[in-house]
There are 2 protein chains.
Amino acid sequence: MSEPAIRRPYRREGEEKRRDALIAAAMALVAEGGPEAATVRAIAARAGVTPGLIRHYFQSKEELTHAAYRQVMEAMTHEAMRAAAAIPEADPAGRLAAFVAANFRPPVMTTLLVGVWAGYMHLGRNDPVMHAIHEATYLGYRDRLQELIAALPRPADPARDRREAIACNALIDGLWIEGGSLPDNFDQGEVLRIALDGIGAMLGIRFPESAYQIPPESETPA
Amino acid sequence: MSEPAIRRPYRREGEEKRRDALIAAAMALVAEGGPEAATVRAIAARAGVTPGLIRHYFQSKEELTHAAYRQVMEAMTHEAMRAAAAIPEADPAGRLAAFVAANFRPPVMTTLLVGVWAGYMHLGRNDPVMHAIHEATYLGYRDRLQELIAALPRPADPARDRREAIACNALIDGLWIEGGSLPDNFDQGEVLRIALDGIGAMLGIRFPESAYQIPPESETPA
DNA sequence: TGCGTTATTATCCACATGTATAATTGACGG
DNA sequence: CCGTCAATTATACATGTGGATAATAACGCA
């Protein structure tokens, strides 16, 4: 009945490593089974530790949730901005196309990221911290998009730019959700094509054929 | 210590009335506080009954959840189809505009509906029943949209129609989420205008000015 | 009016969750 | 090689959850 109570062996790790592992575990569980699956026990098990350790690195489970959500949102916008910044400023349409395209390939359009987004989305409606994270990343994303649109070579019209940024942002979001939720329903590159065609039509421009190409290394990301 | 155990008085109601009340209570709670707020005790309290009654009308709480989700999704598509059907077939663009516009006013674009949608969205990723409900309503919605697009007076091209239906659907979804989540960020009718402008641009048509008008009675719905 | 049906309430239960605290042990400096 | 510290584990706890079952009273009908 009373086992000899052999204590689980363990290794000491750096704080950053443990925090990252716990955040990653929480994200994966949310993506797979929704927020209700990300219990402290499940998170700890996936991270290879015992539940108590969570409270050692995070003041509460809520704090871990905030950290995970922030990481997800920041990863999305950061990736899109990085792609846009890789194109010279002399090519505004190319920058916009790169910004758009980044949303429709890994590491942005993955079942994990869409799943985490879906699982946490409703929390922004009540939790003020989550709402702040959402606002900071989401509206920041749209503002960045509007800047890229305003840089296009055409007469200036801020009000129009704002409306078009809202529309483009909505189109990207809708396609990202669909493409990430039901990846089997779309051919390779189809979502990107639809996005660029739609945004081009709404802005009255035409993206070069090169914008539609998918970087070959994106098929099997490291 | 032991109160006289006075039993709560109650009235017998019809089965349909009680089921509707429980579903409405569950929806309201999910919209306000997310799925975790919709406990059997909270649902019963809001519906004015005791928790045990839920199990009298639904085999499990899960079954009640399914019923609520189905009602939300069906209300959305039904409302849009009803609006489109009110326009004569001889006016394909008008039908499409009516279909689109229905999504951006009550009873479709409300914080309650968007909140419930957000709260339940991730469940479609795991629960097979929820997934089936989602698929039946969501894809059905898109198919209906594609039919309206295919009816436009222009050369037939099913593949193009499919892509454009996906794009229009994504745009509508994205705007609906934004408009329903942050209604204060948009002027009266602004979301509808952005939607019609964007869809018109993507389809290469121009909707009549009348399509942008908001029915006056929609401001304060019954 | 009185009776039976059953909608509704009240109570109990097994279990899961987040959290708090005590016990242990790995790693590092002397 | 030993002592110290904290990273980590183990255990306990209060609370809340969905579900099961028994008791009761509202309503329809004779």
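In what follows, chains are A, B, ... by sequence order, proteins preceding strands, each numbered from 1.
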Nearest-Å distance, [atom1] ([X]) to [atom2] ([N])?
X: B:I43; N: D:dG19; atom1: CD1; atom2: P; value: 10 Å
X: A:L22; N: D:dA7; atom1: CG; atom2: C1'; value: 13 Å
X: A:I54; N: C:dT17; atom1: CD1; atom2: P; value: 12 Å
X: B:R55; N: D:dT21; atom1: CZ; atom2: P; value: 9 Å
X: A:K17; N: D:dT8; atom1: NZ; atom2: P; value: 11 Å
X: A:Q59; N: C:dT21; atom1: CD; atom2: P; value: 13 Å
X: A:K61; N: C:dA20; atom1: NZ; atom2: C1'; value: 17 Å

Pairing of [X] and [Y] as salt bridge, 4.0 angstrom limit:
X: B:E63; Y: B:R55; answer: no
X: B:R105; Y: B:E79; answer: no
X: B:E147; Y: B:R144; answer: yes

Please list, pair by pair, any protein nitrogen or oxygen found under 3.5 Å from a nitrogen or oxygen in nucleotides 5-9 of chain C.
{"from": "C:dT6", "atom 1": "O2", "to": "B:R12", "atom 2": "NH2", "distance (Å)": "2.2"}
{"from": "C:dA7", "atom 1": "OP2", "to": "B:H56", "atom 2": "NE2", "distance (Å)": "2.8"}
{"from": "C:dT8", "atom 1": "OP1", "to": "B:R11", "atom 2": "O", "distance (Å)": "3.3"}
{"from": "C:dT8", "atom 1": "OP1", "to": "B:E13", "atom 2": "N", "distance (Å)": "2.8"}
{"from": "C:dT8", "atom 1": "OP1", "to": "B:R18", "atom 2": "NH1", "distance (Å)": "2.4"}
{"from": "C:dT8", "atom 1": "OP2", "to": "B:Y57", "atom 2": "OH", "distance (Å)": "2.4"}
{"from": "C:dT9", "atom 1": "OP1", "to": "B:R8", "atom 2": "NH1", "distance (Å)": "3.4"}
{"from": "C:dT9", "atom 1": "OP2", "to": "B:T50", "atom 2": "N", "distance (Å)": "2.9"}
{"from": "C:dT9", "atom 1": "OP2", "to": "B:T50", "atom 2": "OG1", "distance (Å)": "2.6"}
{"from": "C:dT9", "atom 1": "O5'", "to": "B:T50", "atom 2": "OG1", "distance (Å)": "3.0"}
{"from": "C:dT9", "atom 1": "O2", "to": "B:R7", "atom 2": "NH2", "distance (Å)": "2.6"}

For this session: Measure the spacing between CG of B:L139 and OG1 of B:T77 and express it to the nearest 0.5 Å.
Result: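 Going from the CG atom of B:L139 to the OG1 atom of B:T77 covers 12.0 Å.
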For [X], what residues pass the ring-ring contact (aromatic ring centres under 6.0 Å, His included) criterion, not counting sequence neighbours?
X: B:H134; answer: B:Y138
X: B:F104; answer: none
X: B:Y57; answer: none

Taking only nitrogen or oxygen atoms into account, show me every contact under 3.5 Å that the protein makes with nucleotides 12-14 of chain D, one pair per line with its distance.
none

Problem set entry | Sequence neighbours excluded, every pair satisfying salt bridge (Lys or Arg N to Asp or Glu O under 4.0 Å) that has a member inside residues 114-135 of chain A |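 Salt bridge (Lys or Arg N to Asp or Glu O under 4.0 Å) check on residues 114-135 of chain A returns no pairs.
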